Amino acid sequence: MSQDQVLRLHVPEPTGRPGYKTNFSYLCLSPAGAVRRPPIDTTAFETSDLASGLVRVLDDDGRAVGPWVPEITPERLRKGLRAMIKTRIFDSRMLIAQRQKKLSFYMQSLGEEAIGSAHSFALQPGDMCFPTYRQQSLLLARDDVSMVEMICQLMSNEGDSLKGRQLPVMYSYKRAGFFSLSGNVATQFIQAVGWGMASAIKGDTKIASAWIGDGATAEADFDTALTFAHVYRAPVILNVVNNQWAISTFQAIAGGEATTFAARGVGCGIASLRVDGNDFLAVYSASLWAAERARSNLGPTLIEWVTYRAGPHSSSDDPSKYRPADDWERFPLGDPIARLKAHLIQIDAWSDAQHEQMSNEVDAEVAAALKEAESYGSLLDGKIPSASSMFEDVYKDMPAHLHQQRQQLGV
Amino acid sequence: MSQDQVLRLHVPEPTGRPGYKTNFSYLCLSPAGAVRRPPIDTTAFETSDLASGLVRVLDDDGRAVGPWVPEITPERLRKGLRAMIKTRIFDSRMLIAQRQKKLSFYMQSLGEEAIGSAHSFALQPGDMCFPTYRQQSLLLARDDVSMVEMICQLMSNEGDSLKGRQLPVMYSYKRAGFFSLSGNVATQFIQAVGWGMASAIKGDTKIASAWIGDGATAEADFDTALTFAHVYRAPVILNVVNNQWAISTFQAIAGGEATTFAARGVGCGIASLRVDGNDFLAVYSASLWAAERARSNLGPTLIEWVTYRAGPHSSSDDPSKYRPADDWERFPLGDPIARLKAHLIQIDAWSDAQHEQMSNEVDAEVAAALKEAESYGSLLDGKIPSASSMFEDVYKDMPAHLHQQRQQLGV
Amino acid sequence: MLTKSSNMEAAGETPKTTSMTMIQALRSAMDVMMARNENVIVYGQDVGYFGGVFRVTDGLQAKYGKSRCFDAPISEGGIVGTAVGMAAYGLRPVVEIQFADYVYPAFDQIVSEAARLRYRSAGDFTAPITIRMPCGGGIYGGQTHSQSPEAMFTHVCGLRTVMPSNPYDAKGLLIASIENDDPVIFLEPKRLYNGPFDGHPDRPVVPWSKHPMAEVPEGYYTVPLESAAVFRAGKDLTVLTYGTMVWVSEAAAIETGIDAEIIDLRSIWPLDLKTIVESVNKTGRCVVVHEATRTSGFGAELVSLVQEHCFYHLEAPIERVAGWDTPYPHAQEWAYFPGPRRVGAALKRAMEA
Amino acid sequence: MLTKSSNMEAAGETPKTTSMTMIQALRSAMDVMMARNENVIVYGQDVGYFGGVFRVTDGLQAKYGKSRCFDAPISEGGIVGTAVGMAAYGLRPVVEIQFADYVYPAFDQIVSEAARLRYRSAGDFTAPITIRMPCGGGIYGGQTHSQSPEAMFTHVCGLRTVMPSNPYDAKGLLIASIENDDPVIFLEPKRLYNGPFDGHPDRPVVPWSKHPMAEVPEGYYTVPLESAAVFRAGKDLTVLTYGTMVWVSEAAAIETGIDAEIIDLRSIWPLDLKTIVESVNKTGRCVVVHEATRTSGFGAELVSLVQEHCFYHLEAPIERVAGWDTPYPHAQEWAYFPGPRRVGAALKRAMEA
Ligand SMILES: Cc1ncc(C[n+]2csc(CCOP(=O)(O)OP(=O)(O)O)c2C)c(N)n1
Ligand SMILES: Cc1ncc(C[n+]2csc(CCOP(=O)(O)OP(=O)(O)O)c2C)c(N)n1
Ligand SMILES: [Mg+2]
Ligand SMILES: [Mg+2]
């Protein structure tokens with residue numbers, strides 16, 4: 001009998017480390033077009049295969065194949081491509097600005113641009129996203145928040161609508177359906193469920209879209225969100241961005257070994273999909289499917305977006321310390337921008353020249369926005385929101401003790 | 001399109017309420033013997049059917065059938081029967097004592113006696129249970145803690161090893177593998193995983209057995225336990241006692257609607273079973289299977305025990321306010337004592353007369369223990385642990401401020 | 001109670017009052033607010049069909065439907081987390097934590113989220129949530145049904161912390177809390193649910209029906225936040241307290257014959273500093289009383305405020321009477337509880353110093 | 001530092017010392033303890049392969065193996081919850097919370113479980129856990145990388161709360177904490193990780209290598225818990241403080257020319273009351289300084305203790321200097337931080353009163 005076997009602690013490891021190339025077979029990919037598309041009123045249990053498979057539309061030749069091919073015009077696709085390019089350029093310019101100490105800190109979304117860009121196309125005005133710090137593409141894909149305004153937040157300058165209170169990237173734009181970011185990971189996930197419940201309580205038609213990283217799924221608020229969303233059939237899309245890493249830890253440390261994050265949804269009674277997050281068409285199509293479920297009183301959908309965090313965790317991080325430096329180049333799902341570009345070229349709706357022109361245009365746009373934002377100041381030049389404003393908004397009306405403290409500070 | 005459909009909040013309801021008989025078809029029962037028994041090195045994914053089916057051994061005629069029939073002697077079965085009878089009688093006498101105000105409070109386990117009784121037979125000395133307030137059968141099935149000692153705890157009297165500090169039923173018996181109960185539900189679940197991890201870290205052979213109710217699975221510590229147990233392949237049995245109710249709320253409010261609690265384990269990558277908790281043989285057999293997995297470095301197993309909370313939540317509760325008064329009589333999985341008794345009679349190892357004799361003996365034993373315990377006092381007569389002991393064990397060594405406070409109290 | 005500062009709905013007419021227990025008064029507050037404002041919703045463990053383990057929400061589901069009063073999973077974090085989301089949507093959730101002892105799983109959502117949402121979003125989103133929870137001991141609840149965690153909340157900027165001591169205040173403060181645009185921690189001394197309690201467990205229980213403070217208007221009124229009440233006027237010294245200890249302090253004053261002015265804070269934080277300072281400057285002596293454990297309890301903040309604002313009027317060290325720095329034991333409940341004997345001794349020390 | 005009370009391993013010989021940053025000193029403490037006691041294990045987010053976001057655990061996994069130093073899921077509740085279970089088994093877990101701001105999801109496991117396990121089981125089970133966490137501001141971390149939550153822990157009986165201000169104390173206190181049989185909250189002022197900080201962000205950063213308190217014995221020694229240090233002797237008044245504010249207070253004393261006696265609490269609770277009382281009774285004036293928000297901060301408890309024990313020696317109201325009662329803002333960090341100017345002003349007020 002095995003009874004006297006000595007126990008040992010299993011500590012999961014990534015298949016690659018600095019000096020050892022990653023073996024990406026752990027990802028268990030399905031070919032493009034291989035995974036079925038059930039009707040939106042499917043049961044959670046029936047999505048088991050979709051939670052372990054991988055919904056993909058774009059094949060290696062840039063063709064859109066299979067049941068998840070969405071109806072979408074080339075014009076919209078070009079808009080999507082532009083959103084992704086804008087996000088990438090925005091990130092890279094902000095990173096440079098951070099190195100120039102114009103920003104105290106920055107977090108880019110390199111490699112993950114398709115997810116927010118395509119998802120935002122599936123939402124409607126009035127819906128609310130509850131993002132993490134890596135969903136800037138949700139904002140950059142739409143036009144209701146200017147880049148200048150975003151950059152003012154990043155610079156904590158006098159134009160910052162958050163009055164300098166928040167770390168860079170902790171945006172809040174209610175009017176654009178973008179919930180205030182918290183520095184504490186995962187808290188927004190259950191809040192999104194509450195927001196969706198509120199819409200249902202009021203008999204409205206708005207839905208919520210919740211965002212979380214693979215690593216943060218280990219926080220209680222993730223599971224609690226699944227429980228509440230299931231119990232009350234909340235109209236919410238539960239997005240898990242599995243970019244394989246959480247700072248220095250591999251997704252297996254969050255529980256991704258030998259299972260998927262989508263499978264957790266199924267276990268909780270939630271219809272769940274695992275989707276190629278670097279495939280703009282797959283993201284759009286799966287997002288629409290989930291949004292329609294939510295709007296039809298069919299309750300929550302969990303979607304695991306499989307992607308790769310191509311850059312460092314943040315401007316304070318150096319990933320070459322814990323993973324192979326060339327990992328992204330070898331990631332089997334490729335670069336979302338290159339893939340949509342190839343598709344557009346494949347359907348004769350795009351060219352290299354147009355692509356380059358668009359990139360240049362967007363770059364100029366970002367550069368101009370940065371310049372304008374800088375005119376409102378930065379931490380460097382001290383043109384920051386007043387110290388006096390520090391005491392506001394703690395309460396709706398300032399209580400006596402805060403008046404007194406403001407006086408003490410002499411501002 | 002469904003886009004303009006008005007949303008509404010879904011609030012799950014039980015199928016029965018006072019005045020309306022419960023329709024128990026929601027339980028989705030499998031016939032005895034119908035569910036397969038995989039090898040212990042099965043994968044989590046392969047247990048999906050076991051997490052939605054129901055492992056049962058005893059059929060309606062008291063016969064043991066199917067792949068889960070365990071090897072167990074009639075002698076051990078009679079011991080198990082005795083443990084269940086003892087638990088039931090203990091509970092009913094304590095409830096009376098509570099009404100007589102000898103105890104401030106009590107929680108019985110009526111209807112759930114098979115689970116702890118049979119499970120404890122599958123554990124070994126050195127293993128540790130992390131129980132809830134309804135696992136007294138784990139203790140009463142073994143002989144290393146006397147009933148007198150338990151009752152002294154219930155009475156907070158001078159014989160109480162917990163020095164009167166804890167509410168009745170919040171036992172702690174390290175020597176008997178019974179972890180100190182917390183009044184906060186679910187906290188023990190993740191602690192059990194840590195204890196199991198410690199055994200693995202030390203290269204020992206001991207395993208942990210964690211306990212939780214259906215309602216309490218909604219707490220974060222449940223999910224966190226699943227995550228950690230999966231990540232580190234902790235040697236632990238994760239027991240969910242689904243007795244259909246959490247005080248006044250039906251298990252659907254905890255997330256049990258249209259899915260099972262066992263399915264949550266599968267989603268987390270944990271091999272999981274759903275088992276008839278009123279079937280002594282099924283409980284014993286499934287517990288052994290899970291224990292062997294843990295001892296063989298195969299990691300955690302989640303088991304959902306399907307049962308029914310036949311009595312009120314606690315001595316402060318009146319269930320007729322929220323569910324049909326005759327619900328238990330109509331519960332399809334019956335009474336665990338009656339079912340094991342029928343089996344023993346069916347295999348010619350028991351008789352009605354023997355049963356009655358055993359009940360009488362046990363009753364006398366419990367009565368004698370109660371009497372002896374009462375001789376150490378109770379809240380009623382004020383023979384309680386000293387007020388001075390109240391300041392001990394806050395820290396290992398009493399800090400100055402507690403010395404001073406004890407002095408102030410003048411004890 | 002000397003001052004009954006409150007805002008009646010119709011200034012002119014005398015409102016109809018009924019004798020209510022604290023439970024009935026709290027229920028009436030929610031009832032009034034649910035009727036007035038359809039964004040007010042109520043949920044928590046066992047609060048829907050059953051009406052709450054203390055029956056505070058009894059009847060609300062039947063009256064307002066399952067969308068506005070419902071049962072929640074046993075997840076305090078989920079309850080507060082969803083409430084933050086609902087509040088961001090525009091609702092005014094009133095949620096129940098079954099016992100204050102069980103609030104800790106919701107701590108992150110309270111401290112990091114509800115309390116900071118307005119600030120971090122510069123008012124873009126707000127969290128007008130009321131989190132009700134029974135607190136305090138005296139019912140043989142043991143260490144997880146007896147706690148008074150108010151001090152922790154007072155350390156969190158952005159939160160309001162409130163604790164009533166009688167049915168009239170309970171209803172008026174709860175309505176004010178629900179209407180307030182900040183998140184409010186609303187602590188209900190469970191030992192006062194059914195009657196005032198002077199700290200003598202051996203004496204017969206007095207029901208609220210015998211007490212004038214149980215005369216509660218049936219309709220809408222508020223007891224403003226940040227306003228303390230002079231529960232008992234006196235000249236010898238000032239007692240600063242709230243909740244159950246208001247009654248215990250009164251008993252101690254009577255039993256010692258010391259003419260104590262008892263201030264019932266009602267709003268623990270932000271508080272009514274003016275009433276406190278005026279009283280202490282008048283009496284020159286101060287005793288702070290609460291049931292929570294002593295060290296870093298809210299009493300410490302009260303002592304600090306008083307010594308900062310009244311230093312030159314103080315004739316004796318400020319005394320603190322509080323729960324011991326141990327968990328709340330089950331059997332030794334009455335040795336733990338800061339009863340009239342201990343409060344009385346502190347009053348005497350303060351007078352003799 | 002005047003008194004360097006500590007227990008060296010071999011009384012006779014002079015231990016070999018090295019200049020260490022606070023990060024190195026903390027790492028050395030864990031290294032020493034992991035080598036001495038195989039029940040000591042270390043885990044937390046990013047602490048295994050990578051060695052922690054502040055690199056405090058760098059090299060420990062390579063040296064002691066993955067079973068004794070490993071990465072944990074992003075679940076503070078799970079980290080502390082498993083630690084309670086491990087401690088019940090017999091291990092001595094030393095866990096890291098990546099930032100003190102993220103401790104709230106673990107609050108229930110700390111407050112209701114770790115802190116109470118010994119008490120509720122009457123010693124049947126215990127929880128000798130050390131929970132390390134970087135705290136404090138001054139690094140432009142914004143409101144969720146700057147908090148100082150020590151006061152909350154001091155309100156929870158059964159916990160010990162410790163905060164070092166220099167490498168020597170950091171190592172000695174961490175070893176003492178790991179050896180202690182009670183759960184210890186070990187707060188590390190992150191602004192001091194790489195050098196002392198006088199509160200002037202505009203001045204060049206001074207590394208620890210230039211400072212005598214960075215001379216740290218390589219081997220085992222302890223700085224006992226519940227013992228404060230007289231960081232600077234003085235006659236004019238007493239400053240009670242800990243962590244980064246020790247250095248800021250020193251700067252304020254120098255800049256104002258006030259001969260302040262600065263007490264570095266080191267153990268925040270339970271604390272060394274004797275050293276405090278002796279000093280205040282000697283100076284007759286007291287200023288309490290911490291970075292955490294003011295209201296119900298630990299300063300309130302210090303003020304209360306001082307006024308209770310030194311009332312008749314006090315010549316002026318006790319001053320509190322603390323973080324404002326707002327979240328820690330990002331851009332206005334230096335308007336928020338209680339720097340030498342604010343501390344100095346309080347010293348002057350205390351002298352002039
Ligand atoms: C409650 C809490 N714990 C820890 C952290 C520190 N932290 C910030 S981001 C992060 C990693 C998150 O990884 P993941 O969820 O995978 O998102 P990604 O960065 O990959 O987008 C950690 C540990 C935090 N912000 N909040
Ligand atoms: C953290 C916490 N929240 C709430 C409670 C109050 N409470 C005690 S038992 C219980 C119901 C638990 O139901 P379940 O887990 O199904 O166990 P059962 O009573 O059915 O055995 C509740 C809500 C608690 N003890 N702890
Ligand atoms: Mg990630
Ligand atoms: Mg139950």
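Just the heavy atoms: all of them, side chains too, but no hydrogens, waters or symmetry mates, feed the values below. In this text, all values refer to a predicted model and were calculated from it rather than measured experimentally. The sequence lines fix the lettering, A, B, ..., with proteins before strands; numbering per chain opens at 1.
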Euclidean distance, [Y] [atom2] relative to [X] [atom1], rounded to 0.5 Å:
X	Y	atom1	atom2	value
D:D182	B:K396	CG	NZ	8.0 Å
B:I190	D:T82	CD1	OG1	5.5 Å
D:I41	B:I201	CD1	CD1	3.5 Å
D:L273	B:H401	CG	NE2	11.0 Å
B:D223	D:S75	CG	OG	9.5 Å
D:L117	B:S172	CG	OG	7.5 Å

query: If you count the non-hydrogen atoms of other residues, nucleotides and ligands that lie under 6.0 Å from CD in D:E38, is the total more than 12?
result: no

message: Report which part of D:D272 has an atom under 4.5 Å of a heavy atom belonging to chain B: side chain, backbone, both, or neither.
response: neither

- prompt: Which answer fits D:A72, side chain, backbone, both or neither, if we ask what part of it has an atom under 4.5 Å from a heavy atom of chain B?
  reply: both

field: Side chain / backbone / both / neither for B:L402 at chain D, heavy atoms under 4.5 Å
entry: neither

So which of [options] has the biggest tally of heavy-atom pairs under 4.5 Å with chain D?
options	answer
B:G194, B:A200, B:A234	B:G194
B:L162, B:T187, B:D397, B:T224	B:T187
B:Q188, B:R175, B:K202, B:M128	B:K202
B:G196, B:S199, B:A225	B:S199
B:Y232, B:F130, B:Y173	B:Y232
B:A220, B:P399, B:S182	B:S182

Would you name the heavy atoms of [X] and [Y] that are closest together and state the gap between them?
X	Y	value
B:V231	D:P73	CG2-CG, 4.3 Å
D:Y119	B:R165	O-NH1, 2.9 Å
D:S112	B:N184	OG-ND2, 3.3 Å

query: Would you say the side chains of D:Q109 and B:D221 form a donor-acceptor pair under 3.5 Å?
result: yes

- request: Taking atom types as modelled, find out whether D:D181 and B:Y395 have a side-chain donor-acceptor pair closer than 3.5 angstrom.
  value: no

message: Heavy-atom pairs under 4.5 Å with chain B: which of D:R68, D:R116, D:R118 has the most?
response: D:R118

statement: Interface check, chain B: of D:A88, D:G77, D:G123, D:S67, most non-hydrogen pairs under 4.5 Å belong to D:A88

query: Parallel, tilted or perpendicular for D:Y89 and B:W195, by the 30°/60° rule?
result: perpendicular

message: Looking at D:R120 and B:Q166, would you say the former's side chain and the latter's main chain have a donor-acceptor pair under 3.5 Å?
response: no

